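Written out below as structure tokens is the structure these notes cover.
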Amino acid sequence: MSHRSQELFDRARRLIPGGVNSPVRAFTAVGGSPLFIARGKGSRIWDEDGREFLDYVGSWGPLILGHAAEEVLVALQEAMLRGTSFGAPTELEVELADELVRAMPSLQKVRMVNSGTEATLSAIRLARGATRRDRIVKAEGCYHGHVDSLLVKAGSGVASLAIPGTPGIPRELAELTLLVPFNNVPALERVFQENQGSIAALILEPVAGNMGVVAPAPGYLEEARRITRKARALLILDEVMTGFRVAYGGAQAVYGIDADLTTLGKIIGGGLPVGAYGGRADLMDQMAPEGKIYQAGTLSGNPLAMAAGLATLKSLKRQNPYSRLDSLGRRLADGLKEAAESAGVALRINRVGSMLTPFFTSEEVTDFATASLSDANRYSAFFHGMLNRGNYLPPAQFEAHFLSASHTEQDVDRTVEDARHTFREMER
Ligand code: HOZ
């Protein structure tokens, strides 16, 4: 059926490890072979065999405007004609920095990098350098990119492929990462109590998206802020996924929390490779060349990436799609819930705005342990049933489904109908 995708995958596997440049897209967690995508427009993508799909991956979050958004393409074209990279300061990077700082009150200064991984890596280095402490606290099932210190009990592909600890990370380094269950305040109190004076930072996805979507319990982020402040440790909010997604000002705006440092990526690059980290000026000024903590990058602040990011943020400001995205998200979640119930399928849906995850369990999902109760085989059956009906969902349980401003109520209703058939098929 996917003749050309299969051919390309066979060729890719001879040249690229696993045939992919990022593990989750290989479909390993759900079985089968990945689709090779030829093009996208709005809420839809087409594979190399010409089949059309409603897309709920959105390049894993960046494409909040949908595929090939006109304003992004125009901005890219204009920037491209002026040159693709200078390795020198440009006006565009100042403009994007200005926009980020205006959007998030806790961001006084910000630096551009090339990916979310680079952003969290740099934020961790800054936290360690500024506090002169080495330990980092992270939550089980949260994923902050493939940074050595942060791949311990991580979500996303590490969880989906059941790789508990990655070879290649020195044990001595992994031991500096302390784990707590997400949404558990007593565990947080305990870890800070037991490691007084040695924790540099707590890093959290304010809304977890990489164990599937898990919202923070009421008061959890406030407590995290209080506990870190008391311990003179930094609070790093990883808003790579939630920044400009759950609200223009990110989860910090939704939950009213000020981070010391924030990491960004995905949407701020408008579909091009971008990350950023920022926060209190007294911390950011410790980065070279102002301070002594080193971090650099040939393509950091790349003009094409800055142009795509700026165009995306401008469009988001102009359209303000957030309440519509929330209604679309609710429509999809309610529809899936009702369709599952009527087919007798046990399903929990976690949703924050336009990001959601269906979990095949009857238990409430509040952390990685409860997310792991979801029946992975049922997710795979659901994934393939939906794919066969023209819906491209994340090919792994521990990921978020994303809606874009290009999705319509008709798109969502069609997906719900497809889910209704898929659930019935699964119960047969
Ligand atoms: N790990 C990212 C998703 N949470 C990216 C996956 C990919 O691009 O394959």
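Quick caveat, the model's predicted, so the values are computed rather than measured. Indexing begins at 1, ligand by ligand and atom by atom, following the structure's order.
Between the side chains of E239 and T262, no donor-acceptor pair is found at a separation under 3.5 Å.
Only the side chain of N210 comes within 4.0 Å of ligand 1, judged by heavy-atom distances.
Closest approach of V113 to S122, counting heavy atoms only: CG1-OG, 4.4 Å. Between L328 and H407, the shortest heavy-atom distance links the atoms CD1-O, 3.4 Å.
Residues that satisfy the side chain to side chain donor-acceptor pair (under 3.5 Å) test with Y255, not counting sequence neighbours, are absent from this structure.
Listed by number with element, the atoms of ligand 1 under 4.0 angstrom from any heavy atom of E399 are 3 (C), 4 (N). Set against the non-hydrogen atoms of S22, the atoms of ligand 1 under 4.0 Å away are 6 (C), 7 (C), 8 (O), 9 (O).
When each of D326, D411, D413 is tested with R331 by the rule salt bridge (Lys or Arg N to Asp or Glu O under 4.0 Å), just one qualifies, namely D413.
With respect to atom 2 (C) of ligand 1, the closest heavy atom belonging to the protein is S156 OG, 4.0 Å. Of the protein's non-hydrogen atoms, R25 NE, 2.9 Å is the one closest to atom 9 (O) of ligand 1.
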